[in-house]
Visitor: 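One structure, as structure tokens, below. Some questions next.
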There are 2 protein chains.
Amino acid sequence: MFRIALDAMGGDHAPDPNVQGAIEAIAQSEELHVTLVGDQELLESKLAEAGGGDGRITVAAADGVVGMHEKPTVALRAKPNCSIARCWQMMAAREADAVVSAGNTGAVVAAGLRTRLFLKGVKRPGIAVTLPNLKGKSVLIDVGANPAAQPRHLFQYAVMGSIYAREILGIESPRIGLMNIGSEEGKGNELYRDTHTHLSNSPLKDSYVGNVEGRGLYQGDADVLICEGFVGNVVLKVSEGMAEFMMKTVGGAIMGALDVERDKAGQVLHELTQKYRYQESGGAPLLGIDGSCIICHGSSDSHSVRNALKMAFELKAHHINSQIVDHLATAAIAAE
Amino acid sequence: MFRIALDAMGGDHAPDPNVQGAIEAIAQSEELHVTLVGDQELLESKLAEAGGGDGRITVAAADGVVGMHEKPTVALRAKPNCSIARCWQMMAAREADAVVSAGNTGAVVAAGLRTRLFLKGVKRPGIAVTLPNLKGKSVLIDVGANPAAQPRHLFQYAVMGSIYAREILGIESPRIGLMNIGSEEGKGNELYRDTHTHLSNSPLKDSYVGNVEGRGLYQGDADVLICEGFVGNVVLKVSEGMAEFMMKTVGGAIMGALDVERDKAGQVLHELTQKYRYQESGGAPLLGIDGSCIICHGSSDSHSVRNALKMAFELKAHHINSQIVDHLATAAIAAE
């Protein structure tokens, strides 16, 4: 049985999409057990209302929740037994194999870093998101877990992102790119120049395609794009905002120009909007954790929560963690 | 007469769009004089072919050009009299009032910084681009001139960006936002936290709306968004890449679904593509220069070059520089 601690109080619409997502997930995967972590009375009543979940959904009590706009460190200090902190405590105590949350991303990460549940050899975990591009999909890592990245952290993101791209996205030989302000050698600040040198001389050098400009993210110039957390977070959110902007602008112009086929176009636009919304609200793994942690978009619906719960299990099924540990050990030996 | 030194050799398709753009610009603005800087023989022949330009277009000789993928510092050392270096030398010698180039952006900036032609009080010039959003337009500054931004530089970008937004975009009271990874106080790294404190206690505090997440750029949460050059450059190029990705994806889906009104939709998509392409290839000013410098997209056509030449004059006509100097002087007094 794969046991997931779900932060049932996290997210803009909690707890309903979390309870519902858990019910959907266990219905689809026999190996899953989900613990709804949060307000015990509320969750037990929501669970009973929703049908109960055949014994593979249980409830664990937590005190309070970190709000979406609270400052993580302050909130975690004030509410040490809040839902997300309890989830991580369960994983640290080996009572859960994974943590899933649609709550305050900063709090999910901060609560996790406190447990120091890092995989052997990992310096800093990183959040990996999957984004579409003209050739398929790529992984962008880190989008905000690590505010003080060093070259060796970015190197580890390349290792972790490549394993994730291969195992989960099915890209046989992922090409690694370093997000930078120009494709030429020597571009960017010290962090990026040193990372470029580091990667060019690492066991990953044959997969490393060099610096990639921002344009390359959506042109598919690399399958794994590494960057430090501030840049990655801004890129991710600019992308979300621009997708919305483009859908509205292009949609408005098309709908305004059409007459008899307006409904057909409307249907296509609606489906695309759903598709992009779905992509952005799917779960993103915090890679480098001994266990699994999947971070969902705050606006997640039950469908997204269900997918995140299933993804936590996927990471386990594909032995992502043991592969990360093995690759980092090999790289460490090569560097000696 | 407003005299512009045009880097006639700069850009993916140089020199033709530059020569043609100069001819179009002087035809539309009686105040302009353009010097085509570059290969004298080639430019004189191109100019004669194109009709000559009534004496308000002249040619000045330069040796060589910095290629689009050359490393700026290395190239400028090897070719001290290349076209972009000569343009800046002309402005430094007061033989030109403005520099316009569609060449290697890094080289345009590097050649400019060498002349130290900074406005009084300006610590570091910054590149400002204008981007569309759901409510209108906003200015993003800096998108790559300054690789080592400090809080006082970002404060100056807020001053310069606001004046630009008011005078050129016609936004009466521009709202200033700090691009960050969360809207709450205390977000981001030291640079952003210190800049937030600096702005919150500055003469701009009433116009300052605080931290703005990436999403806010396209939602129009601020009229002027300030950030350091690495982040701004990546954001700009990710945006360009994503616009292309969205137009192709949405366009393809719409065209595939339609039948009798396919041509109508195709026309709308074509116009939108032109509109976005035009926006990205319009000129971006390097603000903070004593004179004017407009940087065009490498893929600029004659239309874009013409607009950049006109914009150089617009900055002068709106007294952007004297306003920047006045505001910085006032802010410096307030800070004492």
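Convention: sequence-line order gives letters A, B, ...; per-chain numbering from 1.
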Visitor: Mark yes when over 12 heavy atoms from residues, nucleotides or ligands other than A:H270 sit less than 6.0 Å from its NE2; otherwise mark no.
Guide: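 Check fails, neighbour count at 12 or below.
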Visitor: With chain B as the partner, which of A:S239, A:P72, A:G256 has the greatest number of non-hydrogen pairs under 4.5 Å?
Guide: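 Heavy-atom pair counts peak at A:S239.
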Visitor: Select one option (side chain, backbone, both, neither) describing which atoms of A:E190 are under 4.5 Å from chain B's heavy atoms.
Guide: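 Neither part.
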Visitor: Heavy-atom cut-off 4.5 Å, strictly under: side chain, backbone, both or neither for B:E70 against chain A?
Guide: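 Just the backbone, heavy atoms under 4.5 Å.
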Visitor: Most heavy-atom pairs under 4.5 angstrom with chain A, which of B:I181, B:N233, B:V143?
Guide: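 Looking at each option in turn, the highest pair count goes to B:I181.
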Visitor: Looking at chain B, which one of A:L258, A:V231, A:N180 has the largest number of heavy-atom pairs inside 4.5 Å, strictly under?
Guide: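 Most pairs with chain B among the choices: A:L258.
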Visitor: Just checking, is any N or O donor in the side chain of A:D7 or A:S83 under 3.5 Å from an acceptor N or O on the other one?
Guide: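 Yes.
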Visitor: Between chain B and each of A:M242, A:K264, A:K187, A:M246, count heavy-atom pairs under 4.5 Å; write down the option with the most.
Guide: A:M242
Visitor: Report yes if some heavy atom in the side chain of A:D142 is under 4.5 Å from a heavy atom in the side chain of A:R124; otherwise report no.
Guide: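 A:D142 does not reach A:R124 side chain to side chain.
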Visitor: Is A:Q219 in contact with chain B via its backbone, its side chain, both, or neither, using a 4.5 Å heavy-atom distance?
Guide: side chain
Visitor: Relative to chain A, which of B:T249, B:V234, B:T105 shows the most heavy atom pairs under 4.5 Å?
Guide: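 The residue among B:T249, B:V234, B:T105 with the greatest pair count is B:V234.
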Visitor: Report which part of A:V268 has an atom under 4.5 Å of a heavy atom belonging to chain B: side chain, backbone, both, or neither.
Guide: side chain
Visitor: Taking A:L236, A:N133, A:V235 one by one, which has the highest count of heavy-atom pairs under 4.5 Å against chain B?
Guide: A:N133
Visitor: Where is the tightest heavy-atom contact between B:A165 and B:V139, given as atom of each residue plus distance?
Guide: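 Answer, listing the atom of B:A165 first, then B:V139: CB-CG2, 4.0 Å.
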Visitor: With sequence neighbours left out, write down each residue that passes salt bridge (charged side-chain N to carboxylate O under 4.0 Å, His left out) with B:R193, or none if nothing qualifies.
Guide: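 For B:R193, no residue satisfies salt bridge (charged side-chain N to carboxylate O under 4.0 Å, His left out) once neighbours in sequence are set aside.
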Visitor: A:K71: which residues meet the salt bridge (charged side-chain N to carboxylate O under 4.0 Å, His left out) condition with it, sequence neighbours left out?
Guide: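 Expected list: none.
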Visitor: Among B:D259, B:L269, B:T73, which residue has the highest count of heavy-atom pairs closer than 4.5 Å to chain A?
Guide: B:D259
Visitor: Which atoms of B:I254 are under 4.5 Å from chain A, going by heavy atoms: the side chain, the backbone, both sets, or neither?
Guide: both
Visitor: Hey, is A:R215 close enough to B:E244 for a salt bridge, meaning N to O under 4.0 Å?
Guide: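 Salt bridge: yes.
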Visitor: Given side-chain hydrogen bond (donor to acceptor under 3.5 Å, both in side chains), test B:D194 with B:T197 step by step and report yes or no.
Guide: CA-CA 5 Å; B:D194 289 353; B:T197 306; 5.2 Å; no
